[in-house]
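First up is the structure itself, then whatever we jot down about it.
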2 protein chains.
Amino acid sequence: MKLITRETDYAIRILKAIAEKPGRSAASIELSKELGIPVAFVRKILQVLARKGPLTSTKGKGGGFVLTTPLDKILLVDIMIMFQGPVSLGDCLFGKKLCGNRASCSLRCIILELEGTIRERIKNVTIASL
Amino acid sequence: MKLITRETDYAIRILKAIAEKPGRSAASIELSKELGIPVAFVRKILQVLARKGPLTSTKGKGGGFVLTTPLDKILLVDIMIMFQGPVSLGDCLFGKKLCGNRASCSLRCIILELEGTIRERIKNVTIASL
DNA sequence: ACATAATAATACTATTTTGGTATTATTCAA
DNA sequence: TTGAATAATACCAAAATAGTATTATTATGT
Ligand code: FES
Ligand code: FES
């Protein structure tokens with residue numbers, strides 16, 4: 001069971017790597033080499049970050065990606081949500097369909113509670129702090 | 001992300017169903033029909049429970065499975081461990097190998113902390129209480 | 001003894017999720 | 001106008017989970 005998926009993990013590293021090159025744009029090949037992540041995969045992640053997230057891209061020669069938000073304003077949860085969806089410990093399914101006794105189920109209750117704790121704990125964690 | 005996997009979920013229901021038939025042994029087909037879980041899958045789960053867990057089986061005509069421990073002595077974690085392994089939120093892997101800066105990593109730290117909270121919370125939860 | 005009703009053991013298959021590639025189009029600047 | 005970059009999207013692979021099938025063994029009632 002993984003709280004942080006590989007894509008999220010890579011996304012964090014990529015953001016940090018870009019932040020280390022202030023004032024100029026970072027090309028995907030450069031990031032790929034630096035981090036040892038396959039270039040095609042880096043691009044895929046960068047695209048998500050560019051579309052939904054805290055960086056912009058410029059095409060063409062000399063192009064690349066630039067942060068639009070400082071790392072200490074980027075929340076870990078937001079990156080997680082981008083790549084893994086909302087933090088959740090799973091709905092109780094019985095067979096393939098949603099389980100009936102959700103309302104009264106104490107296991108569900110525990111799961112929701114734990115979900116809350118996790119959310120609460122990571123709520124304020126920024127990328128800068130990692 | 002699922003705290004409880006389907007097998008674990010089924011295992012819990014199966015244990016509860018068996019407990020409702022005190023004094024006699026429950027056959028896998030019976031449990032299968034009652035719970036609507038495919039019989040072959042029920043058997044697979046029962047086998048694990050019989051080998052590592054809180055019930056015994058008797059073969060032959062009139063055979064089946066009997067609880068050896070009352071539900072209020074069976075811990076949820078133990079069932080989880082049987083079917084999913086120890087409660088963990090994942091080791092930080094970089095690429096395919098274990099990440100280097102484990103010692104100083106604050107994300108890892110948060111993850112371990114949350115793991116602890118989860119373990120602490122479910123530590124005393126018995127099957128009877130669900 | 002023997003047929004039958006049950007589990008035991010284990011190997012196999014299918015589905016889903018995650019991780020990763022490839023391909024083609026577009027854009028910008030020298 | 002060419003080449004170095006990203007955009008978009010479709011595709012493929014590996015791993016984890018979910019489920020099936022097959023064969024062997026064991027116990028019991030007759
Ligand atoms: S048994 Fe399904 S919500 Fe708990
Ligand atoms: S970056 Fe790997 S343990 Fe944190």
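Hydrogens, waters and symmetry mates are skipped; everything else that's a heavy atom, side chains included, is used. Protein chains get the first letters and strands the later ones, always in sequence-line order, with residue 1 at the start of each.
B:Lys59 has its NZ atom 17 Å from the P atom of D:dG29, to the nearest Å. At whole-Å resolution of the value, CD1 in B:Ile14 and P in D:dG19 are 12 Å apart. Atoms CD (A:Gln47) and P (C:dA25) sit 16 Å apart, rounded to a whole Å. Taking atom CG on A:Leu49 and atom P on D:dA8, their separation rounds to 14 Å, with Å as the unit. Put simply, CD1 on B:Ile37 is 12 Å from P on D:dA18, counting in whole angstrom units. D:dT17 atom C1' lies 14 Å from atom CG of B:Asp9, rounded to whole Å. Across the protein-nucleic acid pair, A:Leu93 atom CG and D:dG19 atom P stand 10 Å apart, rounded to whole Å. Rounded to an integer number of Å, the gap from B:Lys44 NZ to C:dA14 C1' is 12 Å.
Close to C:dT18, at under 4.0 Å from its OP1 or OP2, lies no side-chain N or O of B:Lys96. Residue B:Ser28 has a polar side-chain atom (N or O) positioned under 4.0 Å from OP1 or OP2 of C:dT7. The shortest distance between the side-chain N/O atoms of B:Ser57 and the OP1/OP2 oxygens of C:dA6 is not below 4.0 Å. For C:dT18, the OP1/OP2 oxygens have no side-chain nitrogen or oxygen of A:Arg6 closer than 4.0 Å. A close approach under 4.0 Å does not occur between any side-chain nitrogen or oxygen of B:Lys61 and OP1 or OP2 of C:dC2.
When the side chains of ILVMFWY residues are joined at heavy-atom separations under 4.5 Å, either directly or via intervening members, B:Leu114 and A:Leu75 end up in a single hydrophobic cluster.
Scanning atom types as modelled, no donor and acceptor separated by under 3.5 angstrom connect the side chain of B:Glu7 and the base of D:dA18.
Side-chain proximity of A:Tyr10 to D:dT17, C:dT21, C:dG20: nearest is C:dG20. With D:dA18, D:dA5, D:dA8 as the choices, the nucleotide that has an atom nearest any side-chain atom of A:Ala27 turns out to be D:dA5. Here the nucleotide nearest the side chain of A:Ala40, chosen from C:dA22, C:dG20, D:dT20, is C:dA22.
Between B:Leu3 and B:Met80 the shortest side-chain heavy-atom distance falls below 4.5 Å. A:Met1 places a side-chain heavy atom less than 4.5 Å from the side chain of A:Leu89. Here the side chains of B:Leu55 and B:Leu15 are in contact, with some heavy-atom distance below 4.5 Å. Between B:Ile118 and B:Arg121 the shortest side-chain heavy-atom distance does not fall below 4.5 Å.
Residue contacts shown for A:Phe83 are absent, as no nucleic acid heavy atom lies under 4.0 Å away.
Residue-to-nucleotide proximity on DNA chain D shows that, of A:Met1 and A:Gly64, the 5′-proximal contact is made by A:Gly64. Each of B:Ala50 and A:Lys2 has a nearest nucleotide on DNA chain C; the 5'-most of these lies closest to B:Ala50.
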